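Since the structure comes first, as structure tokens, the remarks are kept for the end.
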4 protein chains.
Amino acid sequence: MIAVLKSGTTLAQRNHLVDWLKAMHLDVHISEGAEVTILGLVGDTSRIDMDLLKSLEMVETVKRVSEPYKQANRKFHPKDTIVEIGDVKIGGGHFAMIAGPCSVESEEQIIEVAQAVKASGANILRGGAFKPRTSPYAFQGMKGEGIQLLLKAKEATGLPIVTEIMNISTLDLFTDVDIIQVGARNMQNFDLLKELGKTNKPILLKRGLANTLQELLMSAEYIMSEGNEQVILCERGIRTFETATRNTLDLSAVPILHTMTHLPVVVDPSHATGKAGLVAPMAAAAAACGADAIMIEVHNNPSCALCDGAQSLTPTQFDSLCKQVQAIREVVL
Amino acid sequence: MIAVLKSGTTLAQRNHLVDWLKAMHLDVHISEGAEVTILGLVGDTSRIDMDLLKSLEMVETVKRVSEPYKQANRKFHPKDTIVEIGDVKIGGGHFAMIAGPCSVESEEQIIEVAQAVKASGANILRGGAFKPRTSPYAFQGMKGEGIQLLLKAKEATGLPIVTEIMNISTLDLFTDVDIIQVGARNMQNFDLLKELGKTNKPILLKRGLANTLQELLMSAEYIMSEGNEQVILCERGIRTFETATRNTLDLSAVPILHTMTHLPVVVDPSHATGKAGLVAPMAAAAAACGADAIMIEVHNNPSCALCDGAQSLTPTQFDSLCKQVQAIREVVL
Amino acid sequence: MIAVLKSGTTLAQRNHLVDWLKAMHLDVHISEGAEVTILGLVGDTSRIDMDLLKSLEMVETVKRVSEPYKQANRKFHPKDTIVEIGDVKIGGGHFAMIAGPCSVESEEQIIEVAQAVKASGANILRGGAFKPRTSPYAFQGMKGEGIQLLLKAKEATGLPIVTEIMNISTLDLFTDVDIIQVGARNMQNFDLLKELGKTNKPILLKRGLANTLQELLMSAEYIMSEGNEQVILCERGIRTFETATRNTLDLSAVPILHTMTHLPVVVDPSHATGKAGLVAPMAAAAAACGADAIMIEVHNNPSCALCDGAQSLTPTQFDSLCKQVQAIREVVL
Amino acid sequence: MIAVLKSGTTLAQRNHLVDWLKAMHLDVHISEGAEVTILGLVGDTSRIDMDLLKSLEMVETVKRVSEPYKQANRKFHPKDTIVEIGDVKIGGGHFAMIAGPCSVESEEQIIEVAQAVKASGANILRGGAFKPRTSPYAFQGMKGEGIQLLLKAKEATGLPIVTEIMNISTLDLFTDVDIIQVGARNMQNFDLLKELGKTNKPILLKRGLANTLQELLMSAEYIMSEGNEQVILCERGIRTFETATRNTLDLSAVPILHTMTHLPVVVDPSHATGKAGLVAPMAAAAAACGADAIMIEVHNNPSCALCDGAQSLTPTQFDSLCKQVQAIREVVL
């Protein structure tokens, strides 16, 4: 870490600061210039509060040289993490296709969709049981019952399942769930992350709508620092000024995360774009830039004419998406 | 709510949609144009999922005419909500000055700051006990012990206290806390909001870094729909591309929230700007545009030369801030 | 266009508004509801100032049903525009690879790069002669002389050339330039757009850093409404809160622009990401989601060890990028 | 400027870089650490291209210690710039109230508004003659004729006038205009800025919708580096995700610009908020945080019932705004 002191800083002020830094077990290298003085801080700076340091009157600027995340850091763990869920692997060259309905609605629905997506090549089933909704008056999901139905679909198809947790008090319901999802709105619910870090389940951690990639890795670090190293990162669109899409899918996150971290990266084009017509091209793009998994909303409800054209794809649309994604993966491998 | 159907929608498709809407207890007024058909939906549309409706193939656009928040809505509750904490009132022309240190550090510190800010005119004491931190390696606050120290400062000065909750499982520790704060990162932790809605404590709800004002009101609605109507909204800066300040303080939120809702609005210039030198001018601006309360970080640690100039103000700086805010309030009332 | 009037609007106020709208040659359909009144405006609403309408006291909300762009609109021109530059075609299934150095520096440099990128499959040469720079003290390009050198490279290789105009007064220098580029910072320099609309040159119009896709199309409309229909749109990254990349490449813009407009869409991953290591994966992603052309910075300066690893690719790196992009295009076609 | 080199950089690579930097007349101080090597660059670094430096493979990070703007920099010109227009002064404790209609529409209109705003205390008249519009089909202003009408209003009232230039070729029409405005969309039209730098007129430079404060100062630097030091900066709202207001007024820009630069700062709450009801509170807030001038849209068109409630204020509303702003200025001075 580098701290640049303003011209005009007195020796006494500087000594105060240096003593304080040394008390935090850092070595301090002082390099005096004509206009500014630079302090090079060596040691474990991940515990230093950059905001506090920056806010000091005498400090012009502070710059991290080493990243504040350690266990998630590619530098210290050059080898790709491969998350294994039974026979399915994600990361390190292994690719997963995750698919399923937005919400679990009935046993018939979830089993039918599970069978359809499996036939097209999906190897993990997704489905919402606990649904975070902006409005308290909107449908909040089938909750525990929804998880039971997912387990029936798992039994019927052999597909492992991923579903979202919103509250650590419901953890018991997730005993047989294969991957626990943390939603974008809970990405910085640090208490939830810590508790999930004490489990032995893979965690699918979605990027918050206004969170940087570094913050995403710091949240992964919360889970990993408690002992659980099976974290899958998920890019699902960020909030920008553009309104033509629901969110802006930040696909550059995929190759750049691969340089920052050894953890696998999933892309969710369904939630990011909010439009069925954009899901297939953005899934193709995600595969082309190296995503380790893609997560797609698929529904199958022939009795509901309304659903045609929603953000979810039909099984037929999903089937051609899978073929294209597969063909692109063969090109880029 | 208005839904515009695309040209080319068949009568059969339209009838499907209309039947579905009627099944949700809405009256549907159809107005057929040359190019488009407009459906006017009358009834309780707050339960309708706009995203689902928008995503239908046949739907060009959907527009809410009435707001999705009800209990927080000024239209249905024209009179200002006044939150009362003992003798202190916030809202409806009553102004509160909330001040205190970022974190509670010791009994001596918190009592000293409490006495200082009280002498300058603060009528509520703030102090962090549970601290949400981006890094798992950073200081996470004194937790329960910190709340005990705040209570000692309350006893010593008579000031009511406000402090942040991060996890509903710690609610017991807040029994004697006067106002419970929900931080920006937990603004859409809906399970936490619902549980706080079941308490009888005033809730200070901070706006998330990337949340719209409507979303802030929907989160207030989560609390209110469980029975707790004592919600104080807090503008504390939003995330933008500008890096000269930590966040961008959105002061227009104050007068516009006053048209949207009857709930009081607090401004926190300390966290928004992250720079001590900007706190006083932005506190003055907040008072000028009608804030119902202002929340300021004040420290008092003469033994720590480092702290001078941090985001926190000294008691002396806070004292002149109070005088200026008071003078501005007299002008704008 | 739909205007929703607030409850409480008097008949006299409404009649004033309706008369004013009729005076602008619009048919007005009134649909009265219990809470609100909806005006359906039929006719050429592209001349209506939405901001003015929205700002009226009596108006709750205004919503366009038809888009304000006409000549750029896919609805009125369903067939893809194919821009032809000699033998090279862009759009309607025709793909172009545009490559070259950031700045033209010397005859030797530009010819060498031109030959290299041609050998790898590029069919258009790019190179900056007039350089928009944030700082007045930074290198502003070789200007007219730079264009002369580009023309020499065109002569040497047969590649058509594209370069940026910053000021209409320099138009004469562009007589033999094949495609004129308008930079992101000039996307809403309307006087420049109008003048370029009077030329018969293809215009490569870059999206502004904070401009919506609709605004991009409105700027294309400025050019087209003066008679020049050969507009190529360019996505080059938008400004967001994320700092890991220079800008955020908004790749969803490609498929969504293809639904909004018949104009071809180019992607520039070099400027968007600012990092050489991200250019190839994002070029692959752009090809996968349907870009009509890709624009890549390539340098060739073996004497300058500094340049290795800059945002620009080496000819060797560009060569493998071309192969991968070509393979992906075969998959997605 | 500080450049941090990655671990693994060879001595040969480092020497190349150091030689290149020295060739640009910089002194280079090398400070070698265990993990990283830091280069301190001393001299005129304003000509260094940070993006190029950052993009080098061997460079971990680059950080400016001194700002890239010089003539606009408070450090080198500690004294406030006072812009004088006849008797009116802006900056250094002098405050101006700028008011007038959005567009000049007729002689009667502009004179009537000018007289009204003068009576309330405005000392500069604004009015749009050349209007930048998103749509080529929208009203583009009265152009040269509009300037003539502004000059008549100036003659009738004695108020100096400010109006926007869009194209340097129209400069002759601005001979008798007192302050030339550069709009937000042209903030980085560098050729226009340079030409205005050669005039001797005060320039009111509006911040672009997605431009940082540093970029605003770099654009001021373009004008100043050509010899014109009379630049007035204008905050008029930035583009964010929030849609409740047209843009987000970034009022912290006022006090922070005052630390960065000696130039005066104007606030335009009318364009920022787009809602008449927010103009007065945000004008009050602007005065409270130290704005050197405030710019307000005022119309006066009793025959047009439509205009009530638009973004523009009536003369009566403007009159009370002026009184409040005046009272607040007395408090904060």
Side-chain angles (χ1 to χ4, degrees), chain C residues 12-13 16-17 20 44 46-49 51-52 54-59 68-70 132-140 166-169 185-194 208-211 215 218-219 221-222 225-226 238-239 246 274-276 304-312, chain D residues 12-13 16-17 20 44 46-49 51-52 54-59 68-70 132-140 166-169 185-194 208-211 215 218-219 221-222 225-226 238-239 246 274-276 304-312:
Chain C
Q13 286 175 308
H16 265 296
L17 178 58
W20 181 72
D44 182 4
S46 63
R47 281 148 216 268
I48 296 285
D49 184 345
D51 279 339
L52 174 61
K54 269 185 195 169
S55 69
L56 301 180
E57 188 60 37
M58 76 182 90
V59 173
Y69 46 95
K70 298 187 162 304
R133 305 301 303 269
T134 306
S135 167
Y137 309 120
F139 175 57
Q140 313 265 322
M166 287 177 64
N167 188 331
I168 199 65
S169 72
R185 292 181 183 83
N186 275 320
M187 192 200 91
Q188 293 193 315
N189 182 339
F190 301 122
D191 279 34
L192 179 63
L193 300 178
K194 279 190 225 174
L209 262 78
N211 286 111
E215 287 170 342
M218 292 310 291
S219 286
E221 195 82 9
Y222 260 98
S225 66
E226 296 289 336
I238 57 174
R239 189 163 268 189
R246 187 191 293 157
K275 300 197 172 181
C304 171
L306 283 182
C307 304
D308 292 326
Q311 161 185 311
S312 298
Chain D
Q13 286 175 308
H16 265 295
L17 179 58
W20 181 71
D44 182 3
S46 63
R47 280 148 217 269
I48 296 285
D49 184 344
D51 279 338
L52 174 61
K54 269 185 194 169
S55 69
L56 300 181
E57 188 60 37
M58 76 183 91
V59 173
Y69 47 94
K70 298 189 162 305
R133 305 300 302 270
T134 305
S135 167
Y137 310 120
F139 175 56
Q140 312 265 322
M166 287 177 63
N167 189 330
I168 199 65
S169 71
R185 291 181 184 84
N186 275 319
M187 192 201 93
Q188 292 193 317
N189 182 338
F190 301 123
D191 279 34
L192 179 63
L193 299 178
K194 279 190 225 174
L209 262 78
N211 287 111
E215 287 170 341
M218 292 309 292
S219 286
E221 195 82 9
Y222 260 98
S225 66
E226 297 289 336
I238 58 174
R239 189 164 267 189
R246 186 192 293 158
K275 301 197 173 182
C304 171
L306 283 182
C307 303
D308 293 327
Q311 161 185 310
S312 298

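All of these numbers come straight from a predicted model, not from anything done at the bench. In the text below, chain A, chain B and the rest are named by the order of the sequence lines, each starting its count at 1.
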- line: Cut-off 4.5 Å, heavy atoms of chain D, and the answer for R246(C) is side chain
message: How long is the straight-line distance from CG of N186(C) back to CZ of R185(D), given to the nearest 0.5 Å?
response: 13.0 Å
message: I'd like to know if E215(C) pairs up with R239(D) as an ion pair, taking the criterion as any Lys NZ or Arg NE/NH1/NH2 lying under 4.0 Å from an Asp or Glu carboxylate oxygen.
response: yes
field: Which of E221(D), R133(D), M166(D) touches chain C most, by non-hydrogen pairs under 4.5 Å
entry: R133(D)
Best-contacting candidate, L209(D), N211(D), N189(D), against chain C by heavy atom pairs under 4.5 angstrom: N189(D)
Sequence-distant partners of F190(D), ring-ring contact (aromatic ring centres under 6.0 Å, His included), two or more places apart: Y222(D)
query: Looking only at heavy atoms, which two atoms of M218(D) and T134(C) are closest? And how far apart?
result: CB-O, 3.3 Å
task: For K194(D), check side-chain hydrogen bond (donor to acceptor under 3.5 Å, both in side chains) against everything at least two apart and list the hits.
output: Q140(C)
query: Roughly how far apart are S169(D) OG and I168(C) CD1, rounded to 0.5 Å?
result: 10.0 Å
message: Any non-hydrogen side-chain atom of S135(C) less than 4.5 Å from a side-chain atom of P68(D)?
response: no
